[in-house]
Amino acid sequence: MKIYNTLTKEKEEFRPIEPGKVRMYVCGPTVYNLIHIGNARPMIFFDTVRRYMEYKGLKVNYVMNFTDVDDKIIKEAIEEGVEPSVVSERYIKECKKDMEGLQVQPATIHPKATEEISGMQEMIQTLIKKEHAYVAEDGTVYYRTRSFKEYGKLSHRNVDDLRTGNRALQVTGVDQKEDPLDFVLWKPKKEGEPFWKSSWCDGRPGWHIECSVMSKKYLGDEIDIHAGGEDLVFPHHENEIAQSEAANEKPFARYWMHNAFLNIDNKKMSKSLGNFFTVRDISEKYDLQVLRFFMLQAHYRSPLNFSAELMEAAKNSLERIVTATDNLKFLLKHTKAKEITKQETKEIKEAEAYQKQFEEAMEDDFNTADALSSVFELIKYINLHVNEKSSEEFLITLLEEVSTLMNICGIVVEKKEESLDIYVEQLIEERQAARKEKDFKRADEIRDILLEKGIVLEDTREGVKWKKV
RNA sequence: GGCGCCAUAGCCAAGUGGUAAGGCAAAGGUCUGCAACACCUCUAUCACCAGUUCAAAUCUGGUUGGCGCCUCCA
C-alpha cells in the first residue's frame, strides 16, 4: 500500500508503527454552519481510505475532531443571541446527519475542542517550560516559531521566505510578538466570549494546539497518518508539527495526506461568489451517494470541479452499477439452476481479475478513479455473462463481488427490498394481460400511470421488472 | 513578491519512458409490440515550441493558459 506523503513529496510504502494497526487523525470541521460540499471531500475520501484499510484487515483507530470554539461560532452565537455551545452542538448534530447520508462512518472517536482544554493547557505549559513558547504582557501565549529548527518541513518553505507583513499583528492590534512568524497558542478572552481559566489569563486556545492535543490524547505522541484539506498544510499542520514535536520530542505523524479542493464551475467556492453549496442543499436534489460517487471518480490530489451537469453524469454512471446489481438480484429470484457449472466457475475466476485490478489501484495511493473503472469493467463482464440460466451460486458470487468493491467506496448498491401496494400490483397484472391480448394501447396507458407514480416498468424475458425512481 | 500545482476526446477522468483505461453525452445498429435495460459499432496522437532517447502524454528547458497556498477557508 503506497501513500503520497506531503512531508517527503513522494509515494511511500505504508508501514504502520504498530503492525496491523493504524492511527489516523483527520482534521474535522469548525461547526458554525451546515457543512458544505467542500468539507465533504476529505470526509468522503479519508473514509474510503479507512474502509480500504479495514478491508485489508488493518484495524484503524480513526479520529476526527470537531472544532467547537472559534471566532465564527462566537459570532454566530452572538447574532442568534444564544450560547456558543448551542450553535456548535446544533451543527455537530447536523454534520453527523450529513455524514450518515454520505455513508461516512462515524470515527472511532469524535473529540471536541472544548472538552480537551486541560490537555491543551498542559501542552502549552510544556512548550513554555521548554522555551518554545512565551507569555506576552496581556497573557497571550505565543509559539516561538524560530525555536523549532525544522519549521517549514511540511510545506517546504524556508522560514526566511515567509512573508512577514502580517495581518495577525493588525488583528491583535498590539505588536507584542517577538517575531512576526510566532503564532498564538492561547489568547485572552474578549467581552462576552467563552473562556477558561489559566495561569496566563482567562482565555481560549488557538486553533492549532487543539489538533496537536487531541491527536496526542487519542492516538499517542506518534501517529501514522494525519490528514486534511490541502489548505491546512500551511500554517495549520506546519504549526501542529512544531507544537507536537517540540513538546513530545518525537516525530509527530509519519504520513501526511492532503486532498485537493473542490471548485464550483472552476472557481473556488465562496459565499461572496454565490456558488456556495451545503451538503444539505445537494441532498434535496440527489441521493448523497451520488455526491460521494462523484468525488471518488477523481483523484483526491487533483482539484475537482463541481457543476450540475457533472452531478447528472455521476448520477447516470452510478445508475449503471445499480441497475446491473438489481438485475443480478432479479435473476437470482427467478433462477432454477442450483448447481454451478464448470464454465461459470471459470468465469468467476475471470471476474476476480477485476477485484485484483481494483485493489492494485487502491494500493497505489488510493487511486479511486482507477479503482472505479475496474468496477465498470466488472459490470460489463457481468452484463455479458449472466442470463436467466445462470446458477444461483454464480449470481451470488458476482453480486458479492460488486457489493464488496462498492462497499469499500462507501456506496450501497443493493437497494432495500421494496414492496408495491396491491393496487399497483393489480395494475401490473392487468398490463401483462393486456400485452398478452396485444392491447398495447391499454398496456402503455398503465405504464404511463405508474410512471407518474414514480414506478418504472421494464419488460424482460423473465417477467416484469419494476423500480422506483 | 515567495512557494507550489495543473493542461489528455463534446463533457468528466485514469495513465510518469514502449506506442492512449473507464464513465457520461451524441450517432448508428441488435434485442423488444413500443419503451427501458443490456449488448455491438463509432469519437483523441495527450496546450504549444525545442531538446534527450531506439522509443515520450509520460524526462529536460522554454512559451501560453488556468489554479492553489503565503489571511484560523476542507
Side-chain angles (χ1 to χ4, degrees), chain A residues 9 26-30 35-46 67 70-72 152 155-158 160-168 170-171 183-184 187 206-208 210 227-236 238-239 258-263 266-271 293-294 297-299 301-307 309-321 323-324 326-327 330 357 361 364 367-377 379-380 382-384 386-387 434-435 438-441 443-444 447-448 451 456-461 465-467:
Chain A
K9 295 168 115 173
V26 180
C27 283
T30 301
I35 59 165
H36 57 253
I37 55 178
N39 289 309
R41 192 171 187 191
M43 288 184 187
I44 289 167
F45 176 70
F46 295 116
T67 295
D70 159 274
D71 288 343
K72 283 181 300 227
S155 51
H156 305 283
R157 285 159 210 259
N158 187 314
D160 296 317
D161 287 343
L162 289 168
R163 186 156 27 170
T164 51
N166 247 311
R167 266 173 93 114
Q170 293 163 15
V171 172
F183 57 90
V184 173
K187 59 179 156 191
W207 178 37
H208 314 299
E210 297 175 9
E230 67 178 352
D231 57 321
L232 298 182
V233 174
F234 189 91
H236 186 53
E238 194 70 72
N239 290 353
H258 296 97
N259 64 278
F261 263 60
L262 179 80
N263 296 320
N266 291 312
K267 292 207 182 68
K268 187 168 167 171
M269 177 165 67
S270 75
K271 282 185 178 161
F293 179 81
F294 165 74
Q297 271 185 302
H299 189 103
R301 284 188 284 112
S302 297
L304 173 59
N305 200 30
F306 178 93
S307 71
E309 298 76 55
L310 295 173
M311 272 303 278
E312 275 304 311
K315 185 184 161 202
N316 293 338
S317 302
L318 180 56
E319 192 63 32
R320 181 173 161 82
I321 299 174
T323 302
D326 222 33
N327 191 235
F330 183 80
Q357 206 175 305
D364 183 18
N367 192 335
T368 55
D370 237 2
L372 281 174
S373 80
S374 61
V375 172
F376 279 107
E377 289 182 61
I379 294 300
K380 173 158 266 181
I382 289 173
N383 286 338
L384 278 171
V386 144
N387 58 47
R435 288 181 68 215
K438 302 223 185 288
D439 180 0
F440 299 123
K441 193 167 162 252
D444 291 349
R447 189 164 62 191
D448 288 342
L451 186 61
V456 177
L457 297 187
E458 291 176 16
D459 301 321
T460 74
R461 251 176 240 132
K465 244 176 103 179
W466 58 269
K467 64 176 178 182

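We name chains A, B, ... by the order of the sequence lines, and we start the count at 1 in each one. Bear in mind the structure is a predicted one, so any value in this text is a computation, not a measurement.
- Qualifying salt bridge (Lys or Arg N to Asp or Glu O under 4.0 Å) partners for A:Arg447, counting only residues two or more places apart in sequence or in other chains: A:Asp444.
- Nucleotides B:rU8 and B:rU43 have their C1' atoms positioned 14 Å apart, rounded to a whole Å.
- Across B:rG29 and B:rA7, the matching P atoms stand 38 Å from one another, rounded to whole Å.
- When distances are taken from the side chain of A:Asn316 to each of B:rC72, B:rC24, B:rA74, the shortest belongs to B:rC24.
- Straight-line distance from the CG atom of A:Asn158 to the P atom of B:rG2: 14 Å, rounded to whole Å.
- No contact: A:Ile35 has no heavy atom under 4.0 Å from any strand.
- Atom CD in A:Glu230 sits roughly 17 Å away from atom P in B:rC72 (whole-Å rounding).
- If you measure from atom CG of A:Leu310 to atom P of B:rC24, you get 14 Å, rounded to the nearest angstrom.
- For the pairing with A:Lys380, the side chain to side chain contact (heavy atoms under 4.5 Å, CB included) check across A:Ile382, A:Leu384, A:Asn383 returns one residue only, A:Leu384.
- A salt bridge links A:Arg435 with A:Asp459: at least one charged nitrogen is closer than 4.0 Å to a carboxylate oxygen.
- Using cut-offs of 30° and 60° for the angle between ring planes, the A:Phe306 and A:Phe294 rings count as perpendicular.
- Toward the 5' end of RNA chain B, the nearer of the two residues A:Gly28 and A:Asn263, judged by each one's closest nucleotide, is A:Asn263.
- For A:Glu230 (side chain) and A:Asn259 (main-chain N/O), no donor-acceptor pair under 3.5 Å exists by modelled atom type.
- With hydrogens and angles left out, the side-chain atoms of A:Thr368 and A:Gln297 include no donor and acceptor closer than 3.5 Å.
- To the nearest 0.5 Å, the span separating CZ on A:Phe376 from CZ on A:Arg320 amounts to 7.0 Å.
- Side-chain contact check for A:Asn305 versus A:Phe261: every heavy-atom pair is 4.5 Å or farther apart.
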Using the 3.5 Å cut-off, write out each protein N or O paired with an N or O of nucleotides 13-17 of chain B and the distance between them.
{"from": "B:rA14", "atom 1": "OP1", "to": "A:His299", "atom 2": "N", "distance (Å)": "2.8"}
{"from": "B:rA14", "atom 1": "O3'", "to": "A:Asn367", "atom 2": "ND2", "distance (Å)": "2.9"}
{"from": "B:rA14", "atom 1": "O2'", "to": "A:Asp370", "atom 2": "OD1", "distance (Å)": "2.4"}
{"from": "B:rA14", "atom 1": "O2'", "to": "A:Asp370", "atom 2": "OD2", "distance (Å)": "2.8"}
{"from": "B:rG15", "atom 1": "OP1", "to": "A:Asn367", "atom 2": "ND2", "distance (Å)": "2.8"}

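- Using a 4.0 Å heavy-atom distance criterion, A:Glu377 is classed as a sugar-phosphate-only contact.
- Distance CG (A:Asp160) to C1' (B:rG2): 12 Å, rounded to an integer number of Å.
- The CD-P distance, from A:Glu238 to B:rG4, rounds to 14 Å in whole Å.
- Take A:Asn158 and apply the side chain to side chain contact (heavy atoms under 4.5 Å, CB included) test, not counting sequence neighbours, and it matches A:Asp160, A:Asp161.
- Heavy-atom distances to RNA chain B give each of A:Pro29 and A:Phe294 a nearest nucleotide, and the one nearer the 5′ end belongs to A:Phe294.
- Residue A:Asp231 places its side chain closer to B:rA74 than to any other of B:rC72, B:rA74, B:rG22.
- In this structure, NZ in A:Lys467 is found 4.5 Å from OG1 in A:Thr323, a value given to the nearest 0.5 Å.
- OP1 or OP2 of B:rC69 has at least one side-chain nitrogen or oxygen of A:Lys268 nearer than 4.0 Å.
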Checklist entry - Can you give one letter per nucleotide of nucleotides 28-40 of chain B, 5' to 3': B if a protein heavy atom sits under 4.0 Å from the base, S if only from the sugar-phosphate, - if neither? => result -----BBBBSSSS

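- Comparing B:rA74, B:rC69, B:rC12 by their nearest atom to the side chain of A:Pro42 picks out B:rA74.
- B:rU45 and B:rU32: their C1' atoms are spaced 40 Å apart (whole Å).
- Partners of A:His299 by ring-ring contact (aromatic ring centres under 6.0 Å, His included), not counting sequence neighbours: none found.
- Distance CG (A:Leu318) to C1' (B:rG23): 11 Å, rounded to an integer number of Å.
- For the pair A:His156 and A:Glu238, the tightest heavy-atom approach, listed with the atom from each and the gap, is N-OE1, 4.5 Å.
- For B:rC48 and B:rA56, the P atoms lie 15 Å apart once the distance is rounded to whole Å.
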Next on the checklist: side chain to side chain contact (heavy atoms under 4.5 Å, CB included), that's the test. Do A:His258 and A:Asp231 meet it? Break it down for me.
Outcome noted: CA-CA 8 Å; A:His258 296 97; A:Asp231 57 321; over 6 Å; no

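- Residue A:Lys9 places none of its side-chain N or O atoms closer than 4.0 Å to OP1 or OP2 of B:rC5.
- Straight-line distance between the P atoms of B:rA36 and B:rA27: roughly 12 Å, to the nearest whole Å.
- B:rC24 and B:rG4 have their C1' atoms separated by 32 Å, given to the nearest Å.
- The nearest whole Å value for the distance from the CZ atom in A:Phe234 to the C1' atom in B:rA74 is 18 Å.
- When the P atom is compared between B:rA9 and B:rG68, the two are found 22 Å apart, to the nearest whole Å.
- Taking atom C1' in both B:rC46 and B:rU19, the straight-line distance is 12 Å, to the nearest Å.
- Residue-level contact check: A:Phe183 touches neither bases nor backbone, having no heavy atom under 4.0 Å from any strand.
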Checklist outcome for this item: Intra- and inter-strand pairing of RNA chain B, written as dot-bracket with Watson-Crick and G-U pairs under 3.5 Å and | for the latter, reads ((((((((.[[[..)..(...]]]..((((.......)))).....[[[[[..)....]]]]])))))))....

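- Using a 4.0 Å heavy-atom criterion, one finds that A:Gly228 contacts the sugar-phosphate atoms exclusively.
- Atom-to-atom distance recorded for A:Phe183:CZ and A:His208:NE2 is 6.0 Å, nearest 0.5 angstrom.
- Counting to the nearest Å, the C1' atom of B:rC69 and the CG atom of A:Asn239 are 14 Å from each other.
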